[in-house]
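Below: the structure, in structure tokens.
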Protein chains: 2
Amino acid sequence: MKGYLWTGGDPGSQKTAAPLDNARLAPWESIAVEAVGNVIEFWGFKRNQGRVWALLYLRGEPLTAGEIERELDLSKGGVSMLLRDLERWGAVQRVRVPQDTVWRYSAETDLVRMVTHVVEEREAAFVTRIRADLSEARRLAEGVGSLPTERLRRLERMATLAEHVERALRLFIKTSRLDVAGVLGAFRDGALSRKG
Amino acid sequence: MKGYLWTGGDPGSQKTAAPLDNARLAPWESIAVEAVGNVIEFWGFKRNQGRVWALLYLRGEPLTAGEIERELDLSKGGVSMLLRDLERWGAVQRVRVPQDTVWRYSAETDLVRMVTHVVEEREAAFVTRIRADLSEARRLAEGVGSLPTERLRRLERMATLAEHVERALRLFIKTSRLDVAGVLGAFRDGALSRKG
DNA sequence: CATATAGTTCAAGACCGCTTGAACCGCACC
DNA sequence: GGTGCGGTTCAAGCGGTCTTGAACTATATG
């Protein structure tokens, strides 16, 4: 989510899932990789975190940092950092293939868990904060003697609204988690080889 | 939502609903205004759009652009653009007080409608796009002869997941709209004076 | 130990959206 | 017409994040 339809309208400029530079990738891979990049960015992560995960997931077998670097046309340092983040979040696993010295990385299905989890944390904290701010404002406002009750009421309505939105949001996260959990089964079932 | 807990952790640096420069505003106003600014930014709009709307809403009576400029410490040009956006979205109304030459602006309760509406549009378009991309990828992949079925399956699962998330999201928007609509009643009911 | 290659770190810079401020327009009033 | 003021526009600057690339560490090998 960057510049969408905001102020200017400017429709039709939808950021394309561009073939970009990943000329190395098969077209279908490229499209899927970019799509995941978009989603992940939308949810507040870095686009390239999504791209890396998608590549690893689609390939199925572990890749080296160098391969990722080439396939996605990223810098060495960038790949290192992206992998570290993904690994820390449990979205990617670092594996060592027997009689080989380099690290390889394979996708965990947990990108999904990671997203729901982090988003949940973030959203919850945020929403809580807003509520706290609004009740603080209300407390202060009530302390002001000469405040027209009408203005106080407006403030209260604002707070009420915030609470309702919070409820809706929590509900969304909960149902969404359930729904996703179902699909996770699908991710896990198949004969998805995973080095172990 | 800017830099939250992403890569670095860095907790406790929660962006405060700072007293900022709006020394002119009563503390409770300032807090509430900033809170709304945060929310609105979180949903993908400009922080200052939220601040302007909040100020107008809390004040109850129409303000001039100059007043807004001073109260929120914004630039002339900025206020003009912010008001234009808000007006276009129906979140603010431009009113002319009898025997006065300047325009004044008053808050519509429709900020809420605006947010749900725009967010809905945006989210829907986005999600649709992702789905389209993924099925395109799938179509292409199926056209490739020598593709291991396992890899194809992974792609398919990705698409399935996207569909599920889409469903959850649409559900959220729908229930959220209903919920918000309920509160809108509360916004409208009271003896909220509106120049007419 | 010297060399080479994988991996990490981080300052510098690219990039991008938001805000500013000055030029400009339009209207009222003298 | 001239002056003043509200309002608009937009190029330039600012502030933020993300990426790069070079220096650095770690590890294997001869």
Side-chain angles (χ1 to χ4, degrees), chain A residues 1-10 13 15 18 20-22 37-38 40-52 62-70 72-88 92 94-105, chain B residues 1-10 13 15 18 20-22 37-38 40-52 62-70 72-88 92 94-105:
Chain A
M1 157 176 63
K2 274 298 164 54
Y4 259 71
L5 51 85
W6 290 163
T7 77
D10 180 23
S13 83
K15 182 188 293 175
L20 287 174
D21 298 307
N22 22 16
N38 286 335
I40 226 61
E41 181 178 30
F42 184 78
W43 289 110
F45 299 83
K46 292 186 199 168
R47 168 184 213 76
N48 282 331
Q49 287 165 351
R51 299 209 307 144
V52 168
L63 301 186
T64 68
E67 285 163 342
I68 296 170
E69 187 185 332
R70 256 171 284 120
L72 299 183
D73 193 36
L74 296 171
S75 68
K76 195 159 111 100
V79 170
S80 172
M81 287 185 298
L82 293 171
L83 283 174
R84 185 156 43 72
D85 293 339
L86 289 171
E87 195 186 354
R88 182 152 43 82
V92 143
R94 180 188 295 233
V95 301
R96 181 88 76 175
V97 177
Q99 40 250 51
D100 196 347
T101 166
V102 304
W103 285 108
R104 289 170 186 276
Y105 302 86
Chain B
M1 158 174 64
K2 275 298 163 55
Y4 259 72
L5 52 84
W6 289 163
T7 80
D10 179 24
S13 83
K15 184 188 292 175
L20 286 175
D21 299 307
N22 20 16
N38 286 335
I40 226 61
E41 182 179 29
F42 184 78
W43 288 111
F45 299 83
K46 293 187 199 168
R47 167 182 215 77
N48 282 330
Q49 287 164 351
R51 299 210 307 144
V52 167
L63 302 186
T64 68
E67 285 163 341
I68 296 170
E69 187 183 332
R70 256 171 284 120
L72 299 183
D73 193 35
L74 296 172
S75 69
K76 197 158 107 104
V79 171
S80 172
M81 286 186 298
L82 293 170
L83 284 173
R84 185 155 44 74
D85 293 339
L86 289 170
E87 195 185 354
R88 183 151 44 83
V92 142
R94 181 188 293 231
V95 302
R96 182 87 77 174
V97 177
Q99 41 251 49
D100 195 346
T101 166
V102 304
W103 285 108
R104 289 170 186 278
Y105 301 86

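Remember, it's a predicted structure, so these values are computed and weren't measured experimentally. Letters go in sequence order (proteins before strands), and every chain restarts at 1.
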Given atom [atom1] of [X] and atom [atom2] of [N], what is their separation to the nearest angstrom?
X: B/Lys46; N: D/dG16; atom1: NZ; atom2: C1'; answer: 16 Å
X: B/Arg70; N: C/dT20; atom1: CZ; atom2: C1'; answer: 18 Å
X: B/Glu41; N: D/dT17; atom1: CD; atom2: C1'; answer: 13 Å
X: A/Leu72; N: D/dT20; atom1: CG; atom2: C1'; answer: 16 Å
X: B/Asp73; N: C/dT20; atom1: CG; atom2: P; answer: 7 Å
X: A/Leu74; N: D/dT20; atom1: CG; atom2: P; answer: 6 Å
X: B/Asp85; N: C/dT19; atom1: CG; atom2: P; answer: 10 Å

Passing candidate, side-chain contact (heavy atoms from CB on, under 4.5 Å) with B/Ile68, options B/Leu63, B/Leu82, B/Asp73: B/Leu63

Summary of protein contacts for nucleotides 2-9 of chain D, nucleotide by nucleotide, where a base hit scores B, a sugar-phosphate-only hit scores S (4.0 Å, heavy atoms): ----BBBB

All side-chain hydrogen bond (donor to acceptor under 3.5 Å, both in side chains) counterparts of B/Arg94, not counting sequence neighbours: B/Glu87

Residue-phosphate contact under 4.0 Å: B/Asn48 side-chain N/O, C/dT19 OP1/OP2: yes

Distance in Å, B/Asn48 CG paired with B/Glu41 CD, rounded so as to fall on 0.5 Å steps: 9.0 Å

Counterpart residues, side-chain contact (heavy atoms from CB on, under 4.5 Å), relative to B/Thr64 (two or more places apart): B/Glu67, B/Val102, B/Arg104

4.5 Å side-chain heavy-atom contact, A/Val52 and A/Val79: no

Side chain proximity check, A/Arg47 to A/Asn38, heavy atoms < 4.5 angstrom: yes

